[in-house]
Novice: 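Dumping the structure here so I can ask a few things about it.
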Amino acid sequence: MVAWQDGDLLIDGRKLHYYRAGTPGKPTVVLLHGFTNNGLTWTPLARDLQEDYDLIALDAAGHGLSDSPGPDPDPHQLRDDTIAAITSLNVDRPALIGHSMGAGTAAAVAAQLGDQIRCAVLEDPGWRDANPSPALPGAVGSPEWLDVIRTLPTLPPEERQALAIKANPTWSDEDRALWIDSRLQFDLSLVDGLRRRLATDWREIARQITCPVLLITADPQRGAIVSPAAAAEATKLLRSGQVVRVEGAGHNIRRDNYAPFRDAVIPFLKAH
């Protein structure tokens, strides 16, 4: 069980919601979720970290219980919101863990704050090859993926459950339930600005990161974004980077194959 407590911050006149759990006084880990998710989707990982860390899970703008930024937010807003949250909550040298969009945010925050960040774990960020292959059916950004985002809120509960099982057959029941809840809270107007936000130059950000980075990748044939070539390029750009590839997983690495994800993250956090 994770005993989340929650609260709100006021950032530039907008409500930014956060959840907090774990052990006060322990090193802080800030958890940054992916597009259409919310802070509570980190619950399974939080269960394994809570004894050793003070955990803060943010709801990104337009996600969860945070206010929407409107359909076309500033591409730096997620970074700036996260930095504002770290400052407002008086967090000292946190570790960052992010997935997908949240991994991109974590990287941008680490690049901006330098040695104020202890380390960063990036779960399949949007670090694409210079000439990426077309998205697989159902992969992030594909028409099928967008259709699920738009369709889920219109369905009755039993059909949402069926769609969750079809879309995520390898996930636990808990992860599927958290996935449904988060998508019901998501601001659909953000979908239209997704392409512009994905266009961020990740290579320039990677060059600027000074803290240790764990990049967790998976199988592009299952929908993972970071290819072996992009991972190899990232390790050359990062000052202190290592890559762990999780087999049998796609873009949602920790939900497709949790144990090896956990077993990579916990030693990395303890080492830094």
Novice: Hey, could you give me the CZ/CG distance between Arg203 and Leu238, rounded to the nearest 0.5 Å?
Specialist: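 It is 12.0 Å, given to the nearest 0.5 Å.
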
Novice: Taking atom CZ of Arg262 and atom CZ of Arg47, what is their separation to the nearest 0.5 Å?
Specialist: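 It comes to 11.5 Å.
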
Novice: Evaluate the side-chain proximity of Pro125 to Val226: yes if any heavy-atom separation is below 4.5 Å, no if none is.
Specialist: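 Yes, side chains in contact.
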
Novice: Side chains of Ile97 and Leu122, heavy atoms from C-beta outward: is any pair under 4.5 Å?
Specialist: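 Not touching, per the 4.5 Å side-chain cut-off.
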
Novice: Is the closest side-chain heavy-atom distance between Arg150 and Val191 below 4.5 Å?
Specialist: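 Yes, their side chains come closer than 4.5 Å.
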
Novice: Any salt bridge linking Asp6 with Arg20? Criterion: basic side-chain nitrogen under 4.0 Å from a carboxylate oxygen.
Specialist: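 Salt bridge between Asp6 and Arg20, a charged N being under 4.0 Å from a carboxylate O: no.
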
Novice: Could you tell me whether the side chain of Gln208 and the main chain of Ala108 form a donor-acceptor pair under 3.5 Å?
Specialist: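 Between the backbone of Ala108 and the side chain of Gln208 there is no qualifying donor-acceptor contact (under 3.5 Å).
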
Novice: When you compare the side chain of Tyr258 with that of Asp175, does any pair of heavy atoms fall below 4.5 Å?
Specialist: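 Of all side-chain heavy-atom pairs linking Tyr258 with Asp175, none is under 4.5 Å.
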
Novice: Any donor and acceptor pair, going by atom type alone, linking the side chain of Ser66 with main-chain N or O of Gly62 inside 3.5 Å?
Specialist: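 Pair absent, no side-chain N/O of Ser66 close to backbone of Gly62.
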
Novice: Determine whether a donor-acceptor pair (N or O, by modelled atom type, separation under 3.5 Å) exists between the side chain of Asp256 and the backbone of Gly250.
Specialist: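 Yes.
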
Novice: Tell me whether Trp127 contacts the main-chain N or O of Ala234 through its side chain, where contact means a donor paired with an acceptor under 3.5 Å.
Specialist: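 No: the side chain of Trp127 does not pair with the backbone of Ala234.
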
Novice: Salt bridge between Arg222 and Glu247, side-chain N to carboxylate O under 4.0 Å?
Specialist: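 Looking at Arg222 and Glu247, the cut-off is not met.
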
Novice: Between atom CD1 of Ile83 and atom CD of Gln116, what is the distance when rounded to the nearest 0.5 Å?
Specialist: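 So the CD1 of Ile83 and the CD of Gln116 are separated by 8.5 Å.
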
Novice: Return the CD to OG1 distance between Glu159 and Thr154, rounded to the nearest 0.5 Å.
Specialist: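 Answer rounded to 0.5 Å: 8.0 Å.
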
Novice: Say whether Val246 and Leu215 are linked into one hydrophobic cluster, either directly or through other cluster members, by side-chain heavy-atom distances under 4.5 angstrom.
Specialist: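 No; tracing contacts between hydrophobic side chains, which count when under 4.5 Å, never links both residues.
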
Novice: Would you check if the side chain of Arg176 reaches a backbone N or O of Asn168 as a donor-acceptor pair within less than 3.5 Å?
Specialist: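 Such a contact is found between Arg176 side chain and Asn168 backbone.
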
Novice: Starting from Met101, can I reach Ile149 by hopping between I/L/V/M/F/W/Y residues whose side chains sit under 4.5 Å apart?
Specialist: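 Yes, one cluster joins them.
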
Novice: Should Ile86 and Val109 be marked as a side-chain contact (heavy atoms from CB on, under 4.5 Å) after you check the CA-CA gap, both sets of side-chain angles, and the distance that decides it?
Specialist: CA-CA 10 Å; Ile86 290 170; Val109 171; 4.3 Å; yes

Novice: Do His33 and His63 have ring centroids that are under 6.0 Å from one another?
Specialist: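 Yes, ring centres under 6.0 Å apart.
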
Novice: With no hydrogens and no angle check, is any side-chain donor or acceptor of Thr41 less than 3.5 Å from a backbone partner on Asn37?
Specialist: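 It does not hold such a pair.
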
Novice: Taking only residues two or more places apart in sequence or in another chain, which ones pass side chain to side chain donor-acceptor pair (under 3.5 Å) with Gln185?
Specialist: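 So Gln185 forms a side chain to side chain donor-acceptor pair (under 3.5 Å) with Asn38.
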
Novice: Any chance the side chains of Tyr53 and Asp48 put a donor and an acceptor closer than 3.5 Å?
Specialist: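 Short answer, no.
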
Novice: Could you grab the distance from atom NE2 of His251 to atom CD1 of Ile253, nearest 0.5 Å is fine?
Specialist: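 These two atoms lie 8.0 Å from each other.
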
Novice: Only counting residues at least two apart or in another chain, list the ones meeting salt bridge (charged side-chain N to carboxylate O under 4.0 Å, His left out) with Arg93.
Specialist: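 Partners of Arg93 under the salt bridge (charged side-chain N to carboxylate O under 4.0 Å, His left out) test: none.
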
Novice: Could you walk me through whether Leu10 and Arg14 pass the side-chain contact (heavy atoms from CB on, under 4.5 Å) test, one step at a time?
Specialist: CA-CA 5 Å; Leu10 193 64; Arg14 291 177 293 103; 5.8 Å; no

Novice: Nearest 0.5 Å, what's the CD1-CG distance between Ile216 and Asp124?
Specialist: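 Those atoms lie 10.0 Å apart.
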
Novice: Given Asn252 and Trp179, is the side-chain contact (heavy atoms from CB on, under 4.5 Å) satisfied, shown in steps?
Specialist: CA-CA 11 Å; Asn252 293 283; Trp179 179 82; over 6 Å; no

Novice: Is there a path of hydrophobic side-chain contacts, each under 4.5 Å between heavy atoms of I, L, V, M, F, W or Y residues, that connects Val2 with Val29?
Specialist: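 Linked within one cluster.
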
Novice: Report yes or no: does Glu123 contribute a side-chain atom to a donor-acceptor pair with the main-chain N or O of Arg254 at less than 3.5 Å?
Specialist: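 The answer is yes, because a donor-acceptor pair under 3.5 Å joins these two groups.
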
Novice: Linking I/L/V/M/F/W/Y whenever any side-chain heavy atoms sit under 4.5 Å apart, do Ile117 and Val91 land together?
Specialist: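 Shared cluster, yes.
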
Novice: Is there a donor-acceptor contact under 3.5 Å from the side chain of Lys15 to the main chain of Leu9?
Specialist: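 Such a contact is absent between Lys15 side chain and Leu9 backbone.
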
Novice: Under 4.5 Å between side-chain heavy atoms, hopping through other hydrophobics if needed: is there a path connecting Leu40 to Phe261?
Specialist: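 Yes, same cluster.
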
Novice: Backbone N or O of Ala230 within a donor-acceptor pair of the Ser227 side chain at under 3.5 Å?
Specialist: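 Between the backbone of Ala230 and the side chain of Ser227 there is a qualifying donor-acceptor contact (under 3.5 Å).
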
Novice: Is there side-chain contact between Thr28 and Asp92, with at least one heavy-atom pair below 4.5 Å?
Specialist: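 SC-SC contact between Thr28 and Asp92 ruled out.
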
Novice: Glu204 and Arg207: salt bridge (charged side-chain N to carboxylate O under 4.0 Å, His left out), yes or no, with the steps?
Specialist: CA-CA 5 Å; Glu204 183 57 35; Arg207 289 187 187 97; 3.3 Å; yes

Novice: Angle class for the Tyr19/His17 ring planes (parallel below 30°, perpendicular above 60°, tilted otherwise)?
Specialist: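 Plane angle over 60°, so perpendicular.
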
Novice: Using the side-chain hydrogen bond (donor to acceptor under 3.5 Å, both in side chains) rule, take Thr105 and Arg79 through it: C-alpha gap first, then chi angles, then the decisive distance, then the call.
Specialist: CA-CA 5 Å; Thr105 301; Arg79 178 200 68 187; over 6 Å; no

Novice: So do the side chains of Asp59 and Leu16 get within less than 4.5 Å of each other, counting heavy atoms only?
Specialist: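 When only atoms from C-beta onward are counted, Leu16 and Asp59 do not touch, as no gap falls below 4.5 Å.
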
Novice: Within a strict 4.5 Å, meaning less than it, do heavy atoms of the Leu31 and Tyr18 side chains meet?
Specialist: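 Contact flag for Leu31/Tyr18 side chains = no.
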
Novice: Take atom CD of Glu51 as the centre, draw a 6.0 Å sphere, and report whether it contains more than 12 heavy atoms from other residues, nucleotides or ligands.
Specialist: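 Counting other residues, nucleotides and ligands, CD of Glu51 stays at 12 neighbours or fewer.
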
Novice: Would Leu163 and Val148 satisfy side-chain contact (heavy atoms from CB on, under 4.5 Å), going step by step from the backbone distance to the final call?
Specialist: CA-CA 8 Å; Leu163 179 58; Val148 169; 4.1 Å; yes

Novice: Do Arg239 and Thr210 have a side chain donor and acceptor closer than 3.5 Å?
Specialist: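 Side chains of Arg239 and Thr210: no pair found under 3.5 Å.
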
Novice: Within the 4.5 Å heavy-atom criterion, are Leu55 and Trp42 side-chain neighbours or not?
Specialist: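 SC-SC contact between Leu55 and Trp42 ruled out.
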
